Amino acid sequence: MARLLACALAVAALSLPVTSGEWPARVVPGAAVVTCAEDAVANDNTARAGALSNGVLTVALELRPATWRPNGEAGVAIRIAAFAEAGRPARIPGPMIRVRAGTEVRASVHNLLDVRAVVRGLRDHDGAGDSLVLAPGETRAVHFTASTAGTHFYYARTTSTTTVFSRGHDSQLVGAFVVDAPETDAGSPPPHDRVFVVTAWDDTVLNPRSPYGPRQVFAINGLSWPHTERLSYAVGDTVRWRVLNLSQHAHLMHLHGFYFSVLSRGTAIGDTSYAPAARRNAVTEFLTAATTMSLQWVAERPGNWLFHCHSINHLDTALRLEGDQADAMPGMTHARVTDAMSGLVMAISVRGVLPSRRQVTEPARNRLRLFVTERPGPAGLPSSYAYVLQQGAREPAADSLRLPGSTLMLHQDEPTQITVINRARHATSVHWHGMELESYFDGVAGWSGADARTAPLIAPGDSFVVRLRPPRAGTFIYHTHADELSQMTGGLYGALLVLPPRARRDTTERMVVMADSAAPDMKATPPSMVNGSTVPAALELRAGVTHRVRFIDITAITARRVRLLDDTTIV
């Protein structure tokens with residue numbers, strides 16, 4: 001009775017309105033249930049759940065109604081269901097279960113919700129199915145040996161749908177279940193080995209600031225930017241992350257400044273580890289719903305960096321709910337990185353002695369002038385933007401358009417200087433996607449750089465000089481990193497090709513750049529474009545000639561699937 005009274009008083013004391021995701025107030029006769037909502041704690045996934053003794057992990061979990069504050073204490077409170085350990089606060093995501101392979105697990109789950117729940121994932125992840133069905137007030141127990149190493153998860157559902165996860169009041173009933181290799185120390189996780197759980201929640205109320213539909217929250221380890229954890233490493237650290245997409249959305253997880261090696265990929269069935277020769281290097285990895293990855297990277301350069309979802313609708317400031325910090329990007333002449341994004345973003349600082357500044361101080365052998373142009377839309381429609389490379393002595397007109405932006409061609413290991421001149425009416429910045437460069441030139445205004453020296457927004461009429469020395473050849477992208485919903489869909493993106501030293505571009509290669517264009521209004525989904533057109537021209541190829549096709553997907557919202565088909569209808 002004392003616990004129920006304390007919880008009721010805590011709910012009554014909330015000073016901010018609780019969202020429309022009301023928890024059912026139905027009471028089941030004779031069931032030990034809790035119908036009020038405690039404040040859930042954001043789980044950074046550094047502490048292990050349960051008690052380990054003589055090779056046996058004992059953990060008692062509960063399902064409870066809770067209040068979630070993904071935007072900090074001053075943010076909106078969301079009524080939600082959450083996992084907890086018995087006698088401890090509810091956590092979002094749920095308590096992390098982490099053991100060494102071969103550990104015996106004795107787990108129980110007590111349902112304190114007033115609805116039926118189905119719990120899955122509390123098992124050895126060897127491919128076999130499982131489920132625990134709990135009526136309100138019921139407790140069930142499981143006993144198994146966690147023998148399959150990998151990045152796994154457990155979850156619960158209180159609704160019956162065909163998807164693994166939901167977007168509603170049970171969307172946060174998820175937790176990480178990590179099984180380390182047998183040779184791993186049974187104590188603390190290896191240094192710099194972190195677990196990040198991505199979750200999402202959809203309200204039943206539409207978001208008037210956003211074209212995406214309902215009010216939404218996207219969170220990493222229970223928090224949404226700018227409240228997510230700030231990560232700090234030293235130059236030379238080897239970093240290992242486990243990223244679990246336990247939401248019903250797909251995410252493009254992108255790391256600035258470094259390449260990471262994909263060590264494994266997993267699903268609700270199991271996790272697949274890759275042999276060293278089979279590991280891919282990437283800067284962006286696509287995680288569909290209910291999938292995981294483990295990755296490793298080396299903090300080779302000092303400075304400030306980001307790890308974030310590259311789907312604009314998962315980091316747009318329009319996601320912020322009432323009571324949360326309002327965005328300050330439109331019309332800004334200075335930058336605060338906390339104002340420019342929301343949702344699935346984490347900040348990274350790498351500290352250490354600066355390396356040789358040869359890349360910055362050596363005279364550039366390749367000098368480019370890139371203009372940001374803008375043409376206002378007719379009758380109040382969104383503006384169109386472009387990146388236009390200056391050719392010859394004449395500067396391009398301030399309202400000239402090129403879609404996609406000019407293709408930039410650089411050479412591997414060649415000192416290069418790109419002067420970005422902003423002729424648009426709004427401040428902007430440029431991110432060099434996939435490029436390994438000094439942090440100051442990475443393109444996140446108010447953050448890129450280190451300590452007090454951070455890159456500014458490029459104000460209208462101003463310019464910014466970028467210096468880089470590409471360490472590898474390949475296909476890259478450059479795009480705006482300011483007010484992305486308007487500027488990226490408006491046209492601020494382009495291809496960046498780095499050729500091997502002294503190489504010339506192959507005249508037989510073709511470029512396919514996929515993007516989203518500006519929607520006619522904020523309530524519409526942006527139309528898809530290929531090579532700057534919603535009705536793209538056919539690629540002309542010569543029979544008997546080998547062609548190289550470079551595909552670039554810089555879509556802001558939608559995902560793409562590309563197939564090469566043999567059209568037998570043409571004679």
Side-chain angles (χ1 to χ4, degrees), residues 256-257 283 357-374 384-424 427-445 448-449 455-482 487-488 490-507 509 511 513 515 531-532 550 552 554:
H256 283 219
V283 295
R357 299 185 63 85
R358 182 185 62 159
Q359 174 175 303
V360 177
T361 58
E362 185 175 354
R365 297 200 296 267
N366 184 19
R367 296 175 180 267
L368 304 175
R369 286 168 57 84
L370 184 69
F371 286 78
V372 179
T373 62
E374 178 182 0
S384 295
Y385 299 89
Y387 288 123
V388 183
L389 185 66
Q390 181 173 337
Q391 304 287 347
R394 171 176 286 186
E395 296 183 356
D399 63 349
S400 61
L401 293 181
R402 182 185 179 95
L403 197 63
S406 298
T407 297
L408 305 184
M409 286 188 291
L410 314 182
H411 282 88
Q412 184 179 0
D413 204 37
E414 181 179 50
T416 299
Q417 175 178 301
I418 304 174
T419 302
V420 182
I421 302 102
N422 185 9
R423 293 287 187 258
T428 189
S429 66
V430 186
H431 172 55
W432 313 92
H433 189 111
M435 297 297 292
E436 299 149 293
L437 73 175
E438 185 179 333
S439 173
Y440 184 72
F441 304 117
D442 188 51
V444 183
S448 295
L457 278 169
I458 310 174
D462 206 348
S463 63
F464 183 75
V465 177
V466 177
R467 297 183 177 91
L468 64 158
R469 187 180 189 134
R472 67 181 76 208
T475 307
F476 305 91
I477 317 168
Y478 68 101
H479 61 81
T480 180
H481 219 300
Q487 294 189 9
M488 189 180 293
L492 287 187
Y493 60 88
L496 174 59
L497 308 184
V498 179
L499 306 179
R502 296 176 298 281
R504 295 179 178 272
R505 186 175 179 183
D506 185 354
T507 58
E509 76 174 20
M511 186 84 69
V513 181
N531 289 343
R550 298 181 188 254
I552 290 178
I554 190 59

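Just so you know, these numbers come straight off a predicted model, no measurement behind them. Heavy atoms only: backbone and side chains are in, while hydrogens, waters and symmetry mates are out.
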Which value, rounded to the nearest 0.5 Å, describes the distance between [X] atom [atom1] and [Y] atom [atom2]?
X      : Y      : atom1 : atom2 : value
His256 : Met435 : NE2   : CE    : 13.5 Å
Leu401 : Tyr385 : CG    : OH    : 11.5 Å
Met409 : Thr416 : CE    : OG1   : 12.5 Å
His481 : Met488 : NE2   : CE    : 7.5 Å
Ser406 : Leu496 : OG    : CG    : 12.0 Å

Side-chain contact, heavy-atom cut-off 4.5 Å: [X] with [Y]?
X      : Y      : value
Leu468 : Ile418 : yes
Leu403 : Tyr493 : yes
Val372 : Thr480 : no
Trp432 : Asp442 : no

Show, in sequence, the C-alpha distance, side-chain angles and deciding distance for Val420 and Ile458, and conclude whether the side-chain contact (heavy atoms from CB on, under 4.5 Å) test is met. CA-CA 8 Å; Val420 182; Ile458 310 174; 3.9 Å; yes
**Report entry** Pair Glu438 + Arg467: basic N to acidic O under 4.0 Å
**Finding:** no
Do the side chain of [X] and the main chain of [Y] share a donor and acceptor less than 3.5 angstrom apart?
X      : Y      : value
His411 : Ala503 : yes
Gln390 : Ala393 : yes
Thr373 : Ser400 : yes
Ser429 : Val444 : no
Ser448 : Tyr440 : no
Arg469 : Glu414 : no
Gln412 : Leu499 : no

When you look at Phe476 and Leu410, which way does the side-chain contact (heavy atoms from CB on, under 4.5 Å) test go after all the steps? CA-CA 11 Å; Phe476 305 91; Leu410 314 182; over 6 Å; no
Smallest separation among heavy atoms of [X] and [Y], with atom names:
X      : Y      : result
Pro460 : Ala424 : CB-O, 3.3 Å
Ala495 : Ile552 : CB-CD1, 3.4 Å
Val465 : Gln417 : CG1-CG, 3.5 Å
Met511 : Thr407 : CE-CG2, 4.3 Å
Ser439 : Gly449 : OG-N, 2.8 Å
Arg472 : Val498 : O-CG1, 3.3 Å

Give a yes or no on whether Arg505 atom CZ has more than 12 heavy-atom contacts from other residues, nucleotides or ligands under 6.0 Å away. yes
Fit a plane to each ring of Tyr478 and Tyr387, take the angle between them on a 0 to 90° scale, and name the class: parallel (under 30°), tilted (30 to 60°) or perpendicular (over 60°).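 Tilted.
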**Message:** Run Leu497 and Thr475 through side-chain contact (heavy atoms from CB on, under 4.5 Å) and show every step you take.
**Reply:** CA-CA 5 Å; Leu497 308 184; Thr475 307; 4.0 Å; yes
Review point. Can you list the steps and then say if Thr428 with Glu374 is a side-chain contact (heavy atoms from CB on, under 4.5 Å)?
Key: CA-CA 11 Å; Thr428 189; Glu374 178 182 0; over 6 Å; no
